[in-house]
Each structure stands twice: as C-alpha cells, then as structure tokens.
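In what follows, a structure is listed as structure tokens, so that the remarks can point back to it.
Just so it is clear, the structure is predicted and the values come from calculations on it, not from any experiment. Just so it is clear, the values below take in all heavy atoms, side chains as well, and ignore hydrogens, waters and symmetry mates.
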Amino acid sequence: MKKKIVLSVLFIVSLIPMLFNQYGGAKGVQEISGLINLLNPIGIISFILFFIGIWLPFKNKRINKILGVLGALGMVLSEIYKFLTWYIPNYEGSTSLQYSLNNVFPEFYIGLIVSVCMVIAYFIIDIKIKE
C-alpha cells in the first residue's frame with residue numbers, strides 16, 4: 001500500500017508543470033497551457049494506464065508493472081508529441097522545428113525533465129519499496 005501511495009503522489013506531483021504555460025510566441029502573447037500535454041489522447045490514456053497499473057490488482061504482477069511503466073512513459077511521449085506537433089508560423093508563414101525550439105517556454109523543458117525523472121523514480125521505487 002505504501003508503494004502505491006508514494007507512486008501516485010509522485011505521479012500527480014510530476015504533472016504540476018503542466019499547469020503552467022509552455023508554448024507561445026512571447027510571454028503574454030499566444031501563451032498555450034501545458035494542460036494540452038495532459039489532455040491530448042496520449043496524455044489521457046497514459047494517466048489511466050498508470051493508475052490502473054498501480055491500483056488494480058492483476059493475478060500476474062508483471063501486468064501491473066507494464067501498465068505503470070507505460071503510463072509514466074506515456075506522459076513523456078505526450079509532451080514530446082505535443083511539442084513536435086505544436087508550432088508557430090514564422091514571419092513568412094512557414095514553420096520549422098528551430099523556430100518552435102526558440103519559442104517554447106522554459107516551463108516545457110522543466111515539465112519534460114520532471115516527467116523523465118518520474119519514469120526513473122518509478123523504477124527505483126519499484127525496486128526499493130516492497131508491497
């Protein structure tokens with residue numbers, strides 16, 4: 001039970017950066033909340049998979065671990081997917097990855113790092129804390 005609570009709390013805390021604006025042309029102009037990372041289909045499915053893997057008991061414990069890992073990794077994929085599909089057209093009306101890299105807010109990188117840390121923490125907690 002302790003492991004489930006610790007993993008759930010850490011997972012929810014790892015979602016906090018998604019409450020901040022992560023994309024936009026400039027602060028105060030065209031700001032887009034990081035909630036779009038969580039509320040896209042990948043984010044929603046990942047959220048559900050994580051909590052199913054943590055809280056629903058399966059006869060085969062590997063299923064729980066696989067679902068938990070998929071949920072945690074899914075959040076990272078959700079952020080990367082949204083970053084790669086988000087863009088602001090430049091002055092000529094075209095888009096480029098470099099332009100998007102220049103206009104993403106530091107909060108995006110913080111959120112991505114926190115999500116990757118959650119995946120690492122999942123593996124460490126899974127090994128260190130017993131059921």
Original post:
Should Leu7 and Trp55 be marked as a side chain to side chain contact (heavy atoms under 4.5 Å, CB included) after you check the CA-CA gap, both sets of side-chain angles, and the distance that decides it?
Top reply: CA-CA 10 Å; Leu7 285 171; Trp55 289 99; over 6 Å; no
**OP:** Would you kindly confirm whether Phe123 and Val6 end up in one hydrophobic cluster when ILVMFWY residues are joined by side chain heavy atoms under 4.5 Å apart?
**Re:** yes
Original post:
Judged by atom type as modelled, is there a donor-acceptor pair below 3.5 Å linking the side chain of Ser8 to the main-chain atoms of Ile5?
Top reply: no
Original post:
Is the side chain of Ser115 donor-acceptor paired with the backbone N or O of Gly111 at a distance under 3.5 Å, no angle test?
Top reply: yes
Subject >> Residue pair Leu38 / Met18: nearest heavy atoms and the distance that separates them >> reply: CB-SD, 3.5 Å
**OP:** Report whether Ile66 and Ile124 are members of the same hydrophobic cluster (ILVMFWY, side-chain heavy atoms less than 4.5 Å apart, transitive linking).
**Re:** no
**OP:** Verify side chain to side chain contact (heavy atoms under 4.5 Å, CB included) between Tyr122 and Phe50, making sure each step is shown before the conclusion.
**Re:** CA-CA 11 Å; Tyr122 181 90; Phe50 183 83; 3.9 Å; yes
Original post:
Are any of the side-chain heavy atoms of Phe58 and Ile52 separated by less than 4.5 Å?
Top reply: yes
**OP:** Test Met75 against Asn37 for side chain to side chain contact (heavy atoms under 4.5 Å, CB included), laying out the working first.
**Re:** CA-CA 8 Å; Met75 282 302 164; Asn37 295 330; over 6 Å; no
Subject >> Spatial distance of atom CD (Glu107) from atom CD1 (Ile16) [nearest 0.5 Å] >> reply: 14.0 Å
Original post:
Side chain of Asn64, backbone of Ile54: donor and acceptor closer than 3.5 Å?
Top reply: no
Original post:
In this structure, are over 12 heavy atoms from other groups packed under 6.0 Å from Tyr81 atom OH?
Top reply: no
**OP:** Consider only side-chain heavy atoms of I, L, V, M, F, W and Y, link residues closer than 4.5 Å, and tell whether Ile125 and Ile63 are in one cluster.
**Re:** no
Subject >> From CZ (Phe83) to CG (Leu112), nearest 0.5 Å >> reply: 9.5 Å
**OP:** Look up atom CZ in Phe11 and atom OG in Ser46, then write down how far apart they are to the nearest 0.5 Å.
**Re:** 7.0 Å
Subject >> Any Lys82 side-chain heavy atom under 4.5 Å of Gln22 side chain >> reply: no
Original post:
Rounded to the nearest 0.5 Å, what separation is found between the CG atom of Leu49 and the CG atom of Leu73?
Top reply: 11.0 Å
Subject >> Rounded distance [0.5 Å steps], CG in Leu70 versus CD1 in Ile48 >> reply: 13.5 Å
Original post:
Is a side-chain donor or acceptor of Lys3 paired with a backbone partner of Asp126 at a separation under 3.5 angstrom?
Top reply: yes
Original post:
Any idea which heavy atoms bring Leu10 and Ala121 closest together, and the distance?
Top reply: CD1-CB, 4.5 Å
Subject >> Distance in Å, Lys4 NZ paired with Phe51 CZ, rounded so as to fall on 0.5 Å steps >> reply: 12.5 Å
Original post:
Hey, quick one: are Ile12 and Val76 part of the same hydrophobic cluster, counting side-chain heavy atoms closer than 4.5 Å, chains of contacts allowed?
Top reply: yes
Original post:
Are Ile42 and Leu39 grouped together when hydrophobic residues (ILVMFWY) are joined by side-chain heavy atoms under 4.5 angstrom apart?
Top reply: no
**OP:** Compare every heavy atom of Pro17 with every heavy atom of Ser14, then report the nearest pair and how far apart it is.
**Re:** O-CD, 3.3 Å
